[in-house]
*Asks:* 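Dropping the structure in here first, questions after.
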Amino acid sequence: MEVFYLGLFLLLGGITGVLSGFFGIGGGMVIVPIMLLLGHSYESAVGISILQMACSSIVGSLANFKKGLLDVRTGIYVGLGGMVGASFSGLILRSFSHKMLLGIFILVTLYSFIRFAFKSKNPPSSLEGLHTLGLKQKTLLLGIGALTGVFAISLGIGGGVLMVPLLAYYLKIPAKQSVPLGLFFVIFSSISGVISLANHSLLDLHDLQWGLMVGLGSVGGVMVGVKLMPSVSALWHRRALLGVYACAIAVSIYKWF
C-alpha cells in the first residue's frame, strides 16, 4: 500500500506540475478531490495540496526567471499580498464550513472568468510599463494578491486560476505574462498557508510527508510546463486557459453539490 501511495503521489505531482508551469495554477483542482477520495480529511487534502504548490512554484519561478518570463519587481506586490491573505487560511478553515468557502470561491471564479473572457479591448500593458504605475496600481496588485490568497489557499487551489483573469482585466496584463506572476505569487501564499495551517493544528506529520512527496513529483512536471508555454501562441494559450477555468468552475460546482 505504501508503494502504491508513493507511485500515485509522484504521478499526481507530475501532472499538477505540468499544469502549474503551463497555466500558473496550483494544481489543487486535481489533488484535493483525489485526496478526499483516498480518505483524507478536507483540511489534510488542502495541506497536501499547498505543500505541492510550494515545491512546484519555486522551481517554476526559477525557470521562468532564467527565461526572462518573470518580472520579480512586479511579482513582489502580488506575492506580498498573497502572503498576507494566506496567513488567514488556517483561521478561515477553522471558522467556516467547506461548503460556504467553496460557494464563495465559485462566485468569485465565475466573475473572474467572465471578466477575462470579455475583457476590455484596450491594448495590454507591458511589464516594463507597469513599473511606472503609481500607488493606485501597486495597491491593486497587493489587493489582488491578498484576495486570491484568502480564497485560493484556504481551498488548496493555488491562485493562478483566480489571479490571471484579475490581472488581465484590471491591469491589462496578457495571460502569458500573468502566468509567471501567478506562479511566483504561489511561493509566498503557499508557504504562508502551510504556516497558518500548522499553527491551527490542521497539519500532521503524515500530511507533511505526503505533501512533500507530491511536491517532489511536481518538480519535473513544472519544468515541462514552463518549456511548453512559450511554444504556444497567445491566442491558443488564452483559449486553453479559459477551458481550464471552465473546468475548475464545473468541478467546484460538482463538489459543492
Side-chain angles (χ1 to χ4, degrees), residues 19-26 53 57 60-61 63-65 67-86 104-105 107-153 157-190 192 225-226 229-230 232-246 248-249:
L19 293 173
S20 297
F22 193 77
F23 292 116
I25 62 178
M53 287 187 260
S57 60
S61 293
N64 280 322
F65 181 75
K67 290 177 175 291
L69 301 174
L70 170 65
D71 189 284
V72 177
R73 289 175 293 178
T74 300
I76 196 68
Y77 291 102
V78 289
L80 290 176
M83 181 180 291
V84 174
I104 295 173
F105 180 81
L107 293 176
V108 175
T109 307
L110 183 60
Y111 171 81
S112 302
F113 172 81
I114 294 172
R115 288 292 195 183
F116 185 45
F118 303 100
K119 69 177 183 177
S120 170
K121 294 183 179 180
N122 293 334
S125 300
S126 67
L127 291 180
E128 290 298 325
L130 198 59
H131 300 152
T132 62
L133 297 182
L135 180 62
K136 179 180 178 181
Q137 287 75 20
K138 293 176 180 179
T139 302
L140 187 58
L141 286 170
L142 288 168
I144 289 174
L147 176 67
T148 305
V150 167
F151 289 108
I153 298 303
I157 302 180
V161 69
L162 180 58
M163 174 173 291
V164 172
L166 290 176
L167 291 176
Y169 184 79
Y170 289 105
L171 291 170
K172 306 299 183 294
I173 302 176
K176 292 189 73 172
Q177 291 179 316
S178 298
V179 165
L181 295 178
L183 202 57
F184 186 65
F185 150 87
V186 174
I187 297 177
F188 296 81
S189 59
S190 60
S192 178
V226 168
M229 187 182 67
V232 179
S233 69
L235 176 61
W236 281 105
H237 186 269
R238 173 182 167 81
R239 289 175 176 175
L241 202 51
L242 285 171
V244 170
Y245 297 151
I249 293 169

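Sequential numbering from 1 along the given sequence is applied to the chain's residues.
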*Asks:* Under 3.5 Å, side chain of Ser178 to main-chain N/O of Ile173, donor-acceptor pair present?
*Replies:* yes
*Asks:* Not counting sequence neighbours, which residues clear side-chain contact (heavy atoms from CB on, under 4.5 Å) with Val84? List them please.
*Replies:* Phe88
*Asks:* Tell me, please, which residues at least two apart from Ala146 pass side-chain contact (heavy atoms from CB on, under 4.5 Å).
*Replies:* none
*Asks:* For the atom pair OG1 (Thr148) and CZ (Phe185), what is the distance rounded to the nearest 0.5 Å?
*Replies:* 5.0 Å
*Asks:* Which heavy-atom pair separates Ser190 from Val186 by the least distance, and what is that distance?
*Replies:* OG-O, 2.5 Å
*Asks:* Just verifying a value: how many Å separate Met83 CE and Leu80 CG, rounded to the nearest 0.5 Å?
*Replies:* 6.0 Å
*Asks:* What closest approach, in Å, do Leu181 and Asp71 show between heavy atoms, and which atom pair accounts for it?
*Replies:* CD2-O, 3.7 Å
*Asks:* Compare every heavy atom of Ala86 with every heavy atom of Ser192, then report the nearest pair and how far apart it is.
*Replies:* OG-C, 3.7 Å
*Asks:* Can you tell me how far apart CG (Leu166) and CG (Leu171) are? Round to the nearest 0.5 Å.
*Replies:* 9.5 Å
*Asks:* When rounded to the nearest 0.5 angstrom, what distance separates CD1 in Ile144 from OG1 in Thr139?
*Replies:* 11.0 Å
*Asks:* Can you name the side-chain contact (heavy atoms from CB on, under 4.5 Å) partners of Ile187, sequence neighbours left out?
*Replies:* Ser57, Ile58, Ser61, Phe184, Ile191
